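Remarks on the structure that follows.
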Amino acid sequence: MDVDEAVQTICDSTASLTEGCRLPVRMTGTNDWPLAEIISIKEATDKSVWYYVHYVDFNKRLDEWVPEEYLDTRKVQFPRKEGLTTGQNTGVTTPKRIPVGERSRPASPVLPPDILNGGAVLAAALQKKINRKRKATSTENEDSQDVPSTPTPRQSGSMVMHHDDVVTRMKNVQLIELGQHRIKPWYFAPYPQEMCSMSCIYICEFCLKYRKSRKCLERHIKKCNLRHPPGNEIYRKHTISFFEIDGRKNKSYAQNLCLLAKLFLDHKTLYYDTDPFLFYVMTEFDSRGFHLVGYFSKEKESTEDYNVACILTMPPYQRKGYGKLLIEFSYELSKFEGKTGSPEKPLSDLGLLSYRSYWAQTILEILILAKPIGDNEKPQITINEICELTSIKKEDVISTLQILNLINYYKGQYIICINKETIDQHKKAMEKRKIRIDSKCLHWTPKDWSKRSKW
């Protein structure tokens with residue numbers, strides 16, 4: 001909503017505030033008062049009123065419930081309704097307070113079993129994307145212009161854009177316990193309603209099944225034989241291991257992994273038909289077992305040469321270099337396949353930062369180590385050679401060089417210029433990357449999935 005679509009007015013009481021109103025709100029833990037939009041309103045048992053707000057121009061993971069005193073009612077932007085601007089002298093009525101448990105935008109509404117188990121509502125968005133992809137090349141699209149009420153999505157470990165709606169707009173899980181970590185989720189995830197009503201969801205860190213209490217989890221752990229992800233261990237160096245999980249052979253684990261990941265991924269929506277996907281799970285080993293650090297998924301067959309469908313480093317392990325390690329591993333697999341690859345777009349804000357940093361460091365490393373051909377000649381390298389050495393797709397190489405401002409047009413040709421400052425910055429950045437992928441420790445043979453009748 002633009003400012004010209006709303007009226008700014010001084011609000012004498014929070015009683016006139018409704019969903020859709022925008023006003024300055026104090027962000028918890030700071031002294032900042034950014035503009036925020038009211039998403040939902042609820043009344044607690046002690047009659048205090050709480051507001052679920054989204055901070056405009058901030059990531060949705062910062063959305064939160066705030067009390068009345070956090071609202072600055074001196075500058076309120078009321079949403080338009082039927083051509084009139086609420087807040088004007090047109091007989092604005094005070095909104096009805098919503099008792100606890102009767103939110104107008106429920107954190108996790110009661111859904112039919114097929115939605116709870118398969119995400120059918122969210123699957124519609126995926127089906128639309130698939131239909132658009134197939135429109136130009138497949139005759140099936142004529143029968144799939146309208147998304148069926150119970151779609152059967154082709155891709156599900158992949159993540160696609162979803163529309164904000166009553167179901168997905170608000171966080172619905174307060175807390176999860178995974179191994180020794182208690183983590184606050186960032187976004188909505190389609191866990192069953194009965195689980196979301198609990199103060200904490202307890203998740204087995206090895207099989208990723210979820211339980212409603214610690215006692216239930218303790219009973220489960222006694223029966224759970226897993227101490228590492230199912231599938232083949234294809235890489236191990238020191239305490240870091242990677243496991244390859246087939247989404248068809250280990251469907252339950254793959255679905256639970258997708259469900260867990262959705263708590264920390266917003267711009268993409270997860271689905272449960274995991275058969276067309278492979279999952280590469282990174283773990284850290286200690287005396288208790290192999291603990292989940294992060295993962296990425298990739299399609300068994302990708303027409304767009306995507307080498308990553310979705311990627312996530314768990315919050316307790318972020319800002320420690322594991323994100324770049326996941327990215328580096330995905331490109332190492334591409335090298336073994338003899339292909340160039342690129343992550344599926346769009347990337348999350350944190351994902352984009354990680355990829356840009358990885359691309360920049362990897363390309364600069366190639367350029368700095370390039371040697372002159374002759375005694376008096378400067379090093380020469382082509383974009384295609386960079387792609388072959390790194391397995392990074394040409395479009396990503398070119399965009400990275402442009403962002404780094406390294407490409408210049410000189411005497412009818414493009415040349416790459418690197419100054420000493422850029423080299424020094426690169427060396428400092430590489431010194432911080434203490435963990436790297438060692439290709440000698442990767443024991444993996446690519447499969448040609450196109451020749452297989454079944455996955």
Side-chain angles (χ1 to χ4, degrees), residues 1-43 48-88 92 94-95 97-98 103-108 122 125 159-174 184-189 262-269 315 318 345-354 356:
M1 179 179 65
D2 297 329
V3 175
D4 60 354
E5 294 178 352
V7 63
Q8 287 198 153
T9 183
I10 294 177
C11 182
D12 296 330
S13 171
T14 56
S16 61
L17 295 176
T18 61
E19 295 172 4
C21 288
R22 291 189 174 191
L23 72 168
V25 177
R26 181 183 176 183
M27 187 180 288
T28 301
T30 72
N31 291 320
D32 298 329
W33 293 76
L35 183 67
E37 179 182 348
I38 296 175
I39 306 300
S40 183
I41 305 172
K42 71 175 181 180
E43 187 174 290
S48 62
V49 181
W50 289 76
Y51 300 81
Y52 191 86
V53 298
H54 165 65
Y55 297 103
V56 180
D57 297 328
F58 286 81
N59 192 280
K60 277 176 60 179
R61 61 176 167 268
L62 298 175
D63 293 3
E64 60 181 344
W65 287 100
V66 296
E68 287 182 276
E69 55 266 27
Y70 277 47
L71 308 181
D72 183 355
T73 57
R74 291 173 297 178
K75 292 182 179 180
V76 180
Q77 299 175 12
F78 286 90
R80 285 183 176 274
K81 289 186 179 179
E82 298 179 358
L84 295 176
T85 304
T86 59
Q88 292 177 323
V92 179
T94 302
R97 294 301 183 195
I98 303 163
R103 300 171 187 168
S104 60
R105 292 178 183 265
S108 183
L122 303 180
M159 297 190 149
V160 297
M161 291 291 293
H162 67 70
H163 299 287
D164 284 345
D165 56 22
V166 144
V167 179
T168 64
R169 190 94 189 256
M170 296 164 57
K171 301 172 190 176
N172 60 330
V173 178
Q174 297 181 42
K184 283 187 177 181
W186 295 351
Y187 308 108
F188 169 91
K262 183 63 191 73
L263 291 169
F264 307 101
L265 296 169
D266 171 56
H267 73 295
K268 296 176 174 180
T269 303
Q318 291 179 359
K345 311 298 191 304
L347 290 164
S348 67
D349 57 341
L350 297 179
L352 182 60
L353 287 173
S354 295
R356 281 181 175 171

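We number each residue from 1, following the sequence as shown. Just so it is clear, the structure is predicted and the values come from calculations on it, not from any experiment.
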For side-chain contact (heavy atoms from CB on, under 4.5 Å), just list the numbers for Val49 and Thr14, CA-CA rounded to whole Å, side-chain angles, deciding distance to a tenth of an Å, and then say yes or no.
CA-CA 9 Å; Val49 181; Thr14 56; over 6 Å; no
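A donor-acceptor pair under 3.5 Å is absent between the side-chain atoms of Lys171 and the main chain of Leu263, judged by distance alone. Looking only at distances, a side-chain donor or acceptor of Glu64 sits under 3.5 Å from a matching main-chain atom of Thr28.
The structure places CG of Leu265 at 8.0 Å from OH of Tyr187, a figure rounded to the nearest 0.5 Å. We find the CG-CZ distance between Leu17 and Arg22 to be 14.5 Å, quoted to the nearest 0.5 Å. In this structure, CG in Leu350 is found 11.0 Å from CG in Asp266, a value given to the nearest 0.5 Å.
In this structure, Phe78 and Val76 approach most closely via the heavy-atom pair CE1-CG1, 3.5 Å. In terms of heavy atoms, Ala189 sits closest to Asn172 at O-ND2, 2.8 Å. The shortest heavy-atom contact between Lys262 and Phe188 is NZ-O, 3.0 Å. Here the shortest heavy-atom pairing between Tyr51 and Ile41 reads CD2-CG1, 3.7 Å. Of all heavy-atom pairs spanning Pro185 and Phe264, the tightest one is CA-CE2, 3.9 Å.
Here the side chains of Arg26 and Asp32 are not in contact, with every heavy-atom distance at 4.5 Å or above. Between Ile39 and Lys60, the closest side-chain pair of non-hydrogen atoms is not below 4.5 Å. In this structure, Pro79 and Cys21 have side chains that are in contact, with non-hydrogen atoms separated by less than 4.5 Å. You'll find the side chain of Trp65 reaches within 4.5 Å of the side chain of Met170, heavy atoms only.
Comment: Glu37 engages Arg169 in a salt bridge, judged by a side-chain N to carboxylate O separation of less than 4.0 angstrom.
No option in Asp72, Val53, Ile38 other than Ile38 meets the side-chain contact (heavy atoms from CB on, under 4.5 Å) test with Leu23.
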